[in-house]
Number of protein chains: 2
Amino acid sequence: MDVRLRRKREAAAKSTRIQEVNRRVILDAALEVFSAYGFRGSTIDQIAERAGMSKPNLLYYFKRKQDIYVSVLEETLAQWLQPLADLDPAGEPEAELARYIARKLAMSAERPEASRLFANEILHGAPAIQKFLKSTLKDLVDEKAGVLRRWMAEKKIAAVDPHHLIFMIWAATQHYADFETQVRAIMGPEAETASFRMATADAVTSLFMNGLKPR
Amino acid sequence: MDVRLRRKREAAAKSTRIQEVNRRVILDAALEVFSAYGFRGSTIDQIAERAGMSKPNLLYYFKRKQDIYVSVLEETLAQWLQPLADLDPAGEPEAELARYIARKLAMSAERPEASRLFANEILHGAPAIQKFLKSTLKDLVDEKAGVLRRWMAEKKIAAVDPHHLIFMIWAATQHYADFETQVRAIMGPEAETASFRMATADAVTSLFMNGLKPR
DNA sequence: GTTCCCTTTTACCGCTTGGTCAACTTTCGC
DNA sequence: GCGAAAGTTGACCAAGCGGTAAAAGGGAAC
């Protein structure tokens with residue numbers, strides 16, 4: 001076997017460890033910075049500082065600012081859609097929806113930065129993930145909308161346009177992450193407590209579940 | 001009377017006209033630019049170009065970029081909260097809420113840029129309108145929450161935490177402006193039609209009104 | 001038509017920021 | 001321990017951008 005090729009492979013396998021660590025650190029730092037200040041509002045220096053390395057070093061792992069941004073977006077996208085993907089067509093409709101809402105609320109509470117990152121990206125026209133929205137996301141939503149439509153036809157839940165139902169669940173649940181500042185300004189410091197989070201879950205769930213009771 | 005003072009007054013009265021026109025043009029341009037790219041993402045040159053004037057000329061009317069931003073924010077804030085302010089404590093609960101939701105949806109459809117401007121500001125921690133949120137907005141919301149609470153006590157509508165109810169109405173209605181890109185990616189070009197807007201109104205209204213039916 | 005002030009423009013400054021380069025250090029297989 | 005590759009950094013550059021200075025243009029009062 002070619003010696004250079006072998007070297008290269010070994011090197012790749014070895015360096016992967018340190019590369020993986022640094023890429024991980026960078027992406028974590030980038031999520032925080034980008035979600036707080038947006039793409040244009042963030043600087044490579046900021047990300048580098050939070051990642052504990054110099055700017056040229058960071059650029060050794062990601063050639064361009066855009067690359068970091070796209071990477072962190074792609075990485076979080078999958079996680080973000082997992083709850084919807086997990087909506088079980090064979091499950092009990094009301095329980096499935098209640099679980100979906102609960103998981104979305106939990107994610108908003110636990111990883112608000114991820115929610116804000118998307119919100120910002122979409123707010124500005126989703127320049128980096130247009131294709132994803134029109135393909136993967138659309139397919140997933142259409143599929144699950146079909147499931148909801150079936151449940152409605154079977155009178156298991158009230159009839160509402162299923163796409164709009166999904167949008168409203170997204171809106172209501174992500175609101176608490178994206179508009180956290182506003183919620184906190186109105187509700188005061190209490191808004192950070194666990195009991196507030198429970199009250200939120202109660203209110204959102206009860207409104208949706210009442211609204212969706214078959215009648 | 002002092003001649004200089006008189007001159008100054010006359011001049012002020014005269015120049016007000018051209019100043020008013022130019023300030024209007026600038027603020028309109030600024031709303032579009034800021035809502036599309038955010039504060040950091042927007043440049044004075046962009047706003048000046050859309051306003052049809054040179055950068056220094058624009059800066060003659062607004063000394064700093066921040067000033068334009070704050071002005072356009074303040075101006076749109078009042079309009080944005082009018083529907084909530086108009087919620088009539090003496091009205092019929094279900095009709096009042098339906099009307100409120102309808103107005104919010106109409107505003108999101110007609111002036112999505114205004115919605116996006118706020119969304120972006122709040123998403124990034126509302127640095128320019130913190131005080132407003134904590135005073136004027138909080139007072140208004142608390143007041144209307146009181147009205148909702150009374151309606152619930154009177155069994156006119158179902159009992160849900162009134163603050164959360166308001167948040168959810170905001171979330172659901174503004175979603176169609178703030179996340180328009182996503183909605184369009186999923187629903188296709190149809191999302192821009194009037195019939196889609198009607199379907200939206202139907203879905204949102206029916207879910208909330210069913211969810212709030214007294215039981 | 002002259003004067004004065006408001007308005008507009010041209011040229012420019014300094015700082016920030018994305019990105020490069022060349023040199024230095026560390027790591028690791030041998 | 002040696003050599004090569006990977007990793008790291010300080011110095012630097014060019015472009016973009018917020019903002020200024022100064023002087024020219026324009027219009028109404030007298």
> Whole-Å distance between C:dT20 P and A:Leu59 CG?
Replying inline: 7 Å
> Can you check the B:Asn57 CG to C:dC6 C1' distance for me, whole Å?
Replying inline: 11 Å
> Does NZ or CZ of B:Arg23 fall inside the cone over B:Phe62's six-membered ring, less than 6.0 Å from its centre and within 45° of the axis?
Replying inline: yes
>> Whole angstroms only, please: what is the OH-P distance between B:Tyr61 and C:dT8?
In response: 4 Å
> Between D:dG18, C:dT17, D:dG19, which one does the side chain of A:Thr43 approach most closely?
Replying inline: C:dT17
>> Please classify the nucleic acid contact of A:Ile44 as base, sugar-phosphate, or nothing, using heavy-atom distances under 4.0 Å.
In response: sugar-phosphate
>> Please report the distance, rounded to the nearest Å, between CG in B:Asp45 and P in D:dA15.
In response: 16 Å
> Is B:Glu180 paired with B:Arg116 through a side-chain N to carboxylate O contact shorter than 4.0 Å?
Replying inline: yes
>> I want to check a possible cation-pi pair here: B:Arg184 against B:Phe179, using under 6.0 Å from ring centre and within 45° of the ring axis as the test.
In response: no
>> Between B:Asn22 and C:dT8, is there a contact of a side-chain N or O with OP1 or OP2 at under 4.0 Å?
In response: yes
> B:Ile18 CD1 to D:dG27 P: how many Å, rounded?
Replying inline: 9 Å
>> With a 4.0 Å cutoff (strictly under), does any side-chain N or O of B:Arg40 reach OP1 or OP2 of C:dT17?
In response: yes
> A:Arg64 side chain N/O closer than 4.0 Å to the phosphate oxygens (OP1, OP2) of C:dT20?
Replying inline: yes
> Separation of A:Tyr60 atom OH from C:dT26 atom C1', in whole Å?
Replying inline: 12 Å
> Is the backbone of B:Phe39 close enough, under 3.5 Å, to the side chain of B:Lys65 for a donor and an acceptor to pair up by distance?
Replying inline: yes
> Would you call the rings of B:Tyr176 and A:His164 parallel, tilted or perpendicular if under 30° counts as parallel and over 60° as perpendicular?
Replying inline: tilted
> Starting at NZ of A:Lys65 and ending at P of C:dG19, how long is that distance when rounded to a whole Å?
Replying inline: 8 Å
>> Given the structure, check if the side chain of B:Lys55 and the base of D:dG18 hold any donor-acceptor pair shorter than 3.5 Å.
In response: yes
> So what does B:Ser54 hit on the nucleic acid, given a heavy-atom distance under 4.0 Å: a base, only sugar-phosphate, or nothing?
Replying inline: base
> Which part of the nucleic acid, if any, lies within contact of A:Phe62, taking any heavy atom under 4.0 Å across all strands shown: a base, the sugar-phosphate backbone alone, or nothing?
Replying inline: nothing
> In whole angstroms, how far is the P atom of D:dG16 from the OH atom of B:Tyr37?
Replying inline: 16 Å
